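Computed over heavy atoms, backbone and side chain alike; hydrogens, waters and symmetry mates excluded. Just so it is clear, the structure is predicted and the values come from calculations on it, not from any experiment. Chain letters run A, B, ... following the sequence lines, proteins first and then strands; every chain starts at 1.
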Protein chains: 2
Amino acid sequence: MSWRKETRRAERGYHHGNLKEALLQAALGLIAEKGAAGFTFADAARMAGVSAAAPYRHFRDRDELLSSIAQRGFEQFESRLTAAWDDGRPDTVTAFERVGRAYLAFAREEPAFYNAMFESGVPVDANPALQAASERAFNIIRAAAERLAALAPPGTPRPPAMMMALHIWSMAHGVASLFSRGDAARRKLPMSPDELLEAEVLIYLRGLGFPTDRRPPAKSAEPPPVPPEASSGSGVPPGGPWGKPK
Amino acid sequence: MSWRKETRRAERGYHHGNLKEALLQAALGLIAEKGAAGFTFADAARMAGVSAAAPYRHFRDRDELLSSIAQRGFEQFESRLTAAWDDGRPDTVTAFERVGRAYLAFAREEPAFYNAMFESGVPVDANPALQAASERAFNIIRAAAERLAALAPPGTPRPPAMMMALHIWSMAHGVASLFSRGDAARRKLPMSPDELLEAEVLIYLRGLGFPTDRRPPAKSAEPPPVPPEASSGSGVPPGGPWGKPK
DNA sequence: GGCTCATGTAAAGGTCGTTCACATGAGCTG
DNA sequence: CAGCTCATGTGAACGACCTTTACATGAGCC
């Protein structure tokens, strides 16, 4: 593999041409491997085939690279949450849960981004762009909560959407960070993180008075038989949101 | 500054006498200041007034010191959760919420421990003692959930205690890690992390069918009914667990 | 008094982050 | 095209850190 570096160097000449991007990609790979703590500026430079000093032409320091990655992470996060929310189709509750699953999926499938975003010690307000990206992502959850709150069953007080959003965020982040990633995933669980979160959200929504009597989650892999917004039944699925005991 | 070291040195002679403990304390202080990532083996040694190589007589490497701290953290955590649970007095739901608050309080008041335990990258299974301590702490939550599950209102299926425990843990950890510590605390919230978590747990419990207005439950398999105001400062306010909109 | 071994030290090698003076060459200007 | 400029990359150097190794110290025990 070490010939690669030489080759690259020969291929590209003195100037790299796209170093900033190359460094971001390299860092992403390194973080995925060894975590943000283990990631090294020097390693990223090596991987891009440049000297250790070169990165400083593109990032003030190691932290700036890290926060750039966190920012990109939030941007991708936002777009995945947006897609999952799909503007509340086919019904609000279904879409809402899909957002929860998308959260976990992101944490699982993009460990490097997730790490940089939430576990690297990069403060949210490290730079304005980062903060803005983070807020945009959260606003997806918030908007979804808003729609959900608007459906609050009559007779019950309408829950504040902001609070719901924060609750959902904390559940998703808690599950992701405790059970769904890296070493944390070694904790042995009686159910998958996805199931765990889905049950948690369903119970929570039921606590708010939302009808959550939909098919048992994990069992039917197919799209739901589209229950109308005003779901008629008022019960709980046969085994509750956590499925039936085996 | 350098005289200090000399002074100390003169005071204590060649052998420190209690270096292991001194290093743990020093590390704790440093982690509280700069986070586990910023904490340095060399700094801890300096702070204890010994050479940089001395710590290696007591810890295989930096990571072992870190996991020792995490272990101690879990032990203290366990004892605080135990105290908060107080064997379910005065009633199960009240005690259960007190455990949630104790979780947050620990995260807030012992940032160094919390950091080492959950945010330092130390794998839970770094060593058997750590893993055991971690499990003992979780078992408090689990035992509490067990008691709570046993009170499940008749007519509803009894929720698996393990699942409840995992749910509560994820809520507490999610809130703590997103909103209650360090930089994370800079996110602006419409309510305090404690209130946020309390509402979350109450809604969740209501979703499971538990009465959360904290009036003594109708069926008393429960310890003596105690006035609602006993510990939490309130029953559920008129507008629901989240209080009235301001 | 003398031995032994846990505990501490100094020195050294390797890695990093970061800076600085200098090199290169892509692109503009004429 | 010649020449200039400036963004971009290099190499060397500094100090801090982690860790190992050979050596020093002295507390506890015979």
Side-chain angles (χ1 to χ4, degrees), chain A residues 2 4-27 30-31 33-69 116 120-122 126, chain B residues 1-2 4-27 29-31 33-69 116 120-122 126:
Chain A
S2 69
R4 263 198 102 196
K5 178 172 160 185
E6 291 312 311
T7 303
R8 276 221 190 120
R9 183 81 131 70
E11 274 168 6
R12 74 170 165 84
Y14 196 88
H15 289 288
H16 182 288
N18 200 13
L19 184 54
K20 185 162 189 169
E21 195 52 35
L23 287 171
L24 286 166
Q25 292 306 323
L30 289 169
I31 294 173
E33 266 182 55
K34 309 185 284 183
F39 145 76
T40 252
F41 219 23
D43 250 346
R46 244 189 307 275
M47 195 155 299
V50 297
S51 76
Y56 290 86
R57 295 295 176 197
H58 300 277
F59 301 95
R60 191 174 348 50
D61 56 20
R62 183 179 171 282
D63 282 351
E64 193 182 279
L65 200 175
L66 225 45
S67 69
S68 287
I69 292 195
S120 66
V122 173
Chain B
M1 284 305 180
S2 66
R4 258 198 106 197
K5 181 170 162 184
E6 291 311 312
T7 301
R8 277 222 190 120
R9 185 81 128 70
E11 274 167 6
R12 72 170 167 83
Y14 194 88
H15 289 288
H16 182 288
N18 200 13
L19 184 52
K20 185 161 188 170
E21 194 53 36
L23 287 171
L24 286 165
Q25 291 306 322
L30 289 170
I31 294 175
E33 266 182 53
K34 311 184 282 183
F39 145 76
T40 250
F41 219 23
D43 250 347
R46 242 189 308 275
M47 195 155 299
V50 297
S51 77
Y56 290 86
R57 295 295 178 195
H58 300 276
F59 301 96
R60 190 178 17 313
D61 57 19
R62 184 179 172 282
D63 282 350
E64 193 183 277
L65 200 175
L66 225 45
S67 69
S68 287
I69 292 194
S120 66
V122 172

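- In this structure, Phe59(A) places its CZ atom 18 Å from C1' of dT19(C), rounding to the nearest Å.
- The side chain of Arg46(B) contributes an N or O atom lying less than 4.0 Å from OP1 or OP2 of dC17(D).
- Proximity of a side-chain donor or acceptor of Ser120(A) to a complementary backbone N or O of Val122(A) within less than 3.5 Å is detected.
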Listing time: all N or O pairs from protein to nucleotides 24-27 of chain C that are below 3.5 Å?
from	atom 1	to	atom 2	distance (Å)
dT24(C)	O2	His15(A)	NE2	3.2

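- In this structure, the separation between OH on Tyr56(B) and CD on Glu64(B) is 11.5 Å, given to the nearest 0.5 Å.
- In this structure, CD1 on Ile69(A) lies 4.0 Å from CD1 on Ile31(A), to the nearest 0.5 angstrom.
- Atom-to-atom, CZ of Phe39(A) to P of dT15(C) comes out at 18 Å; the value is rounded to the nearest Å.
- Rounded to an integer number of Å, the gap from CG of Leu66(A) to C1' of dT18(C) is 17 Å.
- Separation of atoms OG (Ser51(A)) and CZ (Arg46(A)) is listed at 11.0 Å; rounding is to 0.5 Å.
- The side chain of Thr40(A) contributes no N or O atom lying less than 4.0 Å from OP1 or OP2 of dT15(C).
- Annotation: the span from His58(B) atom NE2 to Asn18(B) atom CG amounts to 9.0 Å, rounded to 0.5 Å.
- Between His58(A) and dA7(D), a side-chain N or O to OP1/OP2 separation shorter than 4.0 Å is absent.
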Where do N or O atoms of nucleotides 19-21 of chain D meet protein N or O atoms at under 3.5 Å, pair by pair?
from	atom 1	to	atom 2	distance (Å)
dT19(D)	OP2	Tyr56(B)	OH	3.0
dT19(D)	OP2	Arg62(B)	N	3.2
dT19(D)	O5'	Tyr56(B)	OH	3.4

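- The nucleotide whose nearest atom lies closest to any side-chain atom of Asp43(A) is, among dT9(C), dC16(C), dG9(D), dC16(C).
- A search for side chain to side chain contact (heavy atoms under 4.5 Å, CB included) contacts involving Ala45(B) returns Val50(B), Pro55(B), not counting sequence neighbours.
- Residue contacts shown for Gly38(B) are absent, as no nucleic acid heavy atom lies under 4.0 Å away.
- The line from CG of Leu30(A) to CZ of Phe41(A) is 12.0 Å long, rounded to the nearest 0.5 Å.
- For Arg62(A) (side chain) and Phe39(A) (main-chain N/O), a donor-acceptor pair under 3.5 Å exists by modelled atom type.
- With rounding to the nearest 0.5 angstrom, the CG atom of Leu23(B) is 9.5 Å from the NZ atom of Lys20(B).
- Whole-Å rounding puts the Leu65(A) CG to dT18(C) P distance at 11 Å.
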